[in-house]
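Written below as structure tokens is the structure these notes are about.
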Amino acid sequence: MEKIKMTTPLVEMDGDEMTRILWKMIKEELILPYVDLKTEYYDLGLPERDKTDDRITVEAAEATKKYGVAVKCATITPNAQRMTEYNLHQMWKSPNGTIRSLLDGTVFRTPITIPSIKPAVKSWEKPITIARHAYGDVYKNVELRAGEAGVAKLVFEGESGAREELVIHEFKAPGVLQGMHNTDKSITSFAHACFKFAVDTRQDLWFSTKDTISKKYDARFREIFDEVYKDYKSDFERLGIEYFYTLIDDAVARVIRSRGGFIWACKNYDGDVMSDMVSTAFGSLAMMTSVLVSPDGKYEYEAAHGTVTRHYYKHLKGEETSTNPMATIFAWSGALRKRGELDNLPQLVKYADNLEDACFDTLNDGIVTKDLVNLMEGVEPKAVNSADFLHAIRERLDKRMA
Ligand code: NAP
Ligand code: MG
């Protein structure tokens with residue numbers, strides 16, 4: 001069979017530990033036999049980041065800006081223990097943080113769902129995607145402990161000399177206070193990324209804040225979303241999808257009663273909390289995909305989980321591991337499908353569909369990695385190691401590609 005040709009390279013960002021092992025296996029077993037893979041390769045493994053003073057991460061982000069689509073393996077964010085383990089020059093910043101700030105992107109997380117893994121919420125039939133605004137609010141706050149009675153004020157001094165001052169509270173006794181901010185620019189980028197992703201995936205977009213209480217701060221988020229929506233309204237109407245705003249409490253109630261199949265855009269803190277709740281309710285971290293979308297439509301696909309360090313140490317000792325490669329495979333299929341769509345390569349799009357379907361065939365046949373065994377209902381699961389799991393997918397992919 002002739003391999004599927006690509007025209008534009010995919011930005012490939014390699015990573016660390018167990019996911020780096022899986023990365024190579026996935027390419028060799030599931031991609032290279034079918035696709036004449038064209039990538040621009042960046043090694044974001046920790047040794048290479050250290051060797052290049054982390055320039056490699058910036059170069060990978062720049063390449064993503066240039067080509068538009070990237071696929072990324074999980075990477076270590078170093079801490080004190082990693083400093084000694086890898087003999088590092090510096091405690092390098094999180095690559096995901098670096099890439100996200102260079103692309104000014106929003107992260108969308110979606111669970112991979114199968115019929116035999118039932119979500120904790122019975123009505124959910126389709127995945128729910130959470131879009132979390134990743135700038136500001138409580139994550140960039142300043143806080144103060146007021147140790148005695150006194151007045152707390154909010155003061156803004158404009159460059160023009162304009163000045164606004166509000167009393168926050170007249171403390172009669174000790175207490176606490178906090179200042180937060182956000183910017184129109186960041187909220188606007190977030191809104192664009194959300195509307196683009198909704199159009200892209202043909203799903204409704206929900207956005208929730210607490211603007212009945214926060215009449216300026218949260219209200220500004222709502223206003224910006226309403227404003228940006230005007231650019232996408234005709235696309236939404238053409239596709240028959242809907243944008244709606246609702247209060248966060250109403251959104252929570254509706255999400256639980258829903259059948260799934262939509263995007264829920266959340267402010268930073270809401271997104272932090274709700275994404276953990278939604279992903280846990282859907283089943284397993286190993287089945288959670290993630291894509292970073294920039295406001296100008298650049299895409300970086302990855303798995304939501306980390307480098308699975310515990311399994312890697314077992315692997316180094318020569319022990320067999322049963323690490324789940326699903327989210328990493330879906331990062332590849334997502335990126336290749338997007339490349340295919342942008343370059344008008346229907347065969348590449350079809351291949352990406354077949355690859356995902358072959359994964360579903362495998363799981364539906366009960367062949368799974370260990371992490372899924374206790375979650376399955378209605379099929380008798382057979383736990384296999386990572387290599388055998390990939391072989392099983394390969395067999396089914398061969399049939400679908402024939
Ligand atoms: P993790 O790698 O996601 O793993 C946490 C635990 O979740 C694992 O020990 C494993 O549980 C389970 N798990 C996660 N993915 C799995 C998979 N594919 N198959 C089977 N089980 C899976 O998180 P971590 O241990 O907190 O972090 C490890 C390293 O990853 C850290 O250095 C961190 O900086 C990095 N990290 C990177 C990213 C990223 O690049 N996007 C994200 C998060 C963390 P059991 O051990 O019980 O089997
Ligand atoms: Mg969290």
Side-chain angles (χ1 to χ4, degrees), residues 100-101 103-110 126-141 154 156 158 162 164 166 179-275 277-278 291-299:
R100 196 169 61 208
S101 67
L103 292 178
D104 189 19
T106 299
V107 174
F108 296 83
R109 292 199 158 179
T110 311
K126 290 179 181 171
I128 295 168
T129 298
I130 298 255
R132 172 184 172 189
H133 183 215
Y135 177 82
D137 303 352
V138 70
Y139 302 85
K140 281 237 188 285
N141 69 356
L154 192 61
F156 175 74
E164 276 186 82
L166 296 170
M180 319 193 287
H181 79 282
N182 223 299
T183 66
D184 283 8
K185 180 171 184 281
S186 176
I187 302 165
T188 305
S189 290
F190 174 50
H192 276 290
C194 290
F195 288 117
K196 279 212 165 72
F197 194 72
V199 168
D200 230 49
T201 59
R202 295 173 165 70
Q203 295 184 90
D204 290 347
L205 177 67
W206 303 16
F207 179 48
S208 56
T209 73
K210 190 75 176 176
D211 69 323
T212 44
I213 300 298
S214 174
K215 290 184 167 45
K216 291 232 164 73
Y217 198 106
D218 281 15
R220 187 67 192 135
F221 278 77
R222 180 184 184 166
E223 280 163 19
I224 290 177
F225 265 71
D226 284 348
E227 193 56 38
V228 171
Y229 177 54
K230 290 178 188 156
D231 293 354
Y232 298 88
K233 194 163 185 285
S234 61
D235 284 333
F236 270 61
E237 283 166 1
R238 178 173 51 83
L239 295 170
I241 56 177
E242 192 188 359
Y243 164 64
F244 77 93
Y245 173 86
T246 186
L247 283 175
I248 179 85
D249 2 21
D250 179 50
V252 167
R254 284 189 192 218
V255 164
I256 298 297
R257 285 196 311 260
S258 78
R259 297 165 66 184
F262 56 88
I263 301 159
W264 182 12
C266 293
K267 285 181 62 198
N268 210 348
Y269 175 81
D270 299 339
D272 185 352
V273 177
M274 292 305 161
S275 69
M277 189 199 67
V278 170
V291 54
L292 177 78
V293 182
S294 77
D296 56 346
K298 314 291 187 211
Y299 296 78

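Computed from a predicted structure; not experimentally measured.
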query = Are F236 and Y243 an aromatic pair by the rule of ring centers under 6.0 Å?
reply = no
Close side-chain approach of V291 to F197, heavy-atom, < 4.5 Å = yes
Other residues, nucleotides, ligands: >12 heavy atoms within 6.0 Å of Y269 OH = no
query = At their closest point, which heavy atom of L103 faces which heavy atom of L292, and how far apart are they?
reply = CD1-CD2, 3.6 Å
message = Is there a side chain to side chain contact (heavy atoms under 4.5 Å, CB included) between V278 and R109? Walk through the geometry before answering.
response = CA-CA 10 Å; V278 170; R109 292 199 158 179; over 6 Å; no
request  = Please tell me if the side chains of D296 and K298 come closer than 4.5 Å, counting only heavy atoms from C-beta onward.
outcome  = yes
query = Do Y135 and F190 have their ring centres less than 6.0 Å from each other?
reply = no
query = Quick one: does D104's side chain have a donor or acceptor within less than 3.5 Å of a partner on S294's backbone?
reply = no
Under 3.5 Å: donor-acceptor pair, side chain of D218, backbone of T209 = no
key: Trace of the salt bridge (charged side-chain N to carboxylate O under 4.0 Å, His left out) decision for D235 with R238   = CA-CA 5 Å; D235 284 333; R238 178 173 51 83; 2.9 Å; yes
request  = Would you mind reporting whether L205 and Y229 have side-chain heavy atoms less than 4.5 Å apart?
outcome  = no
request  = Could you check if a side-chain atom of Y232 sits within less than 4.5 angstrom of a side-chain atom of K196, using non-hydrogen atoms only?
outcome  = yes
Please report, to 0.1 Å, the donor-acceptor pairs under 3.5 Å made by any side chain of residues 250-257, with sequence neighbours excluded.
unit_1: D250; atom_1: OD2; unit_2: T246; atom_2: OG1; d: 2.4
unit_1: D250; atom_1: OD2; unit_2: R254; atom_2: NE; d: 2.9

ask   = Is K267 reaching over with its side chain to a backbone N or O of H133, donor-acceptor style, under 3.5 angstrom?
value = no
Shortest non-hydrogen contact between S208 and I248, atoms and distance = OG-CD1, 3.5 Å
query = Quick one: CD on E223 to CG on D184, what's the gap to the nearest 0.5 Å?
reply = 9.0 Å
key: Test side chain to side chain contact (heavy atoms under 4.5 Å, CB included) applied to L239 and V199, step by step   = CA-CA 8 Å; L239 295 170; V199 168; 3.8 Å; yes
key: Trace of the ring pair (Phe, Tyr, Trp, His ring centres under 6.0 Å) decision for Y245 with F225   = CA-CA 9 Å; Y245 173 86; F225 265 71; 8.5 Å; no
query = Considering residues at least two apart in sequence or located in another chain, which fulfil the side-chain hydrogen bond (donor to acceptor under 3.5 Å, both in side chains) criterion with K215?
reply = none
task = Could you tell me whether the side chain of M180 reaches within less than 4.5 Å of the side chain of K140, counting heavy atoms only?
result = no
key: Minimum side-chain heavy-atom gap F108-V293 below 4.5 Å   = yes
message = Run W264 and T129 through side-chain hydrogen bond (donor to acceptor under 3.5 Å, both in side chains) and show every step you take.
response = CA-CA 6 Å; W264 182 12; T129 298; over 6 Å; no
ask   = Going by heavy atoms in the side chains, are R132 and V107 under 4.5 Å from each other?
value = no
request  = Take atom CD of E237 as the centre, draw a 6.0 Å sphere, and report whether it contains more than 12 heavy atoms from other residues, nucleotides or ligands.
outcome  = yes
remark   = Looking only at heavy atoms, the pair that brings F262 and S258 closest together is CE2-OG, 3.3 Å
remark   = dist E227:CD -> R220:CZ (nearest 0.5 Å) comes out at 8.5 Å
key: Stepwise ring pair (Phe, Tyr, Trp, His ring centres under 6.0 Å) test for F244 and F207   = CA-CA 6 Å; F244 77 93; F207 179 48; over 10 Å; no
inquiry  = Before you tell me yes or no, could you show the steps for Y139 and D272 under side chain to side chain contact (heavy atoms under 4.5 Å, CB included), namely the whole-Å CA-CA distance, both residues' side-chain angles and the distance that decides it to 0.1 Å?
reply    = CA-CA 11 Å; Y139 302 85; D272 185 352; 2.8 Å; yes
query = Would you call T212 and L247 a side-chain contact if the rule is heavy atoms closer than 4.5 Å?
reply = yes
remark   = Q203 and I241 have their tightest heavy-atom pair at O-CD1, 3.6 Å
request  = Given side-chain hydrogen bond (donor to acceptor under 3.5 Å, both in side chains), test Y217 with D211 step by step and report yes or no.
outcome  = CA-CA 8 Å; Y217 198 106; D211 69 323; over 6 Å; no
key: Gap separating the CD1 atom of I128 from the CE atom of M274, nearest 0.5 angstrom   = 11.5 Å
task = I would like to know whether K210 and D249 meet salt bridge (charged side-chain N to carboxylate O under 4.0 Å, His left out); could you show each step before the answer?
result = CA-CA 8 Å; K210 190 75 176 176; D249 2 21; 2.7 Å; yes
task = Working to the nearest 0.5 Å, report the span between CD1 of I263 and CZ of F195.
result = 10.5 Å
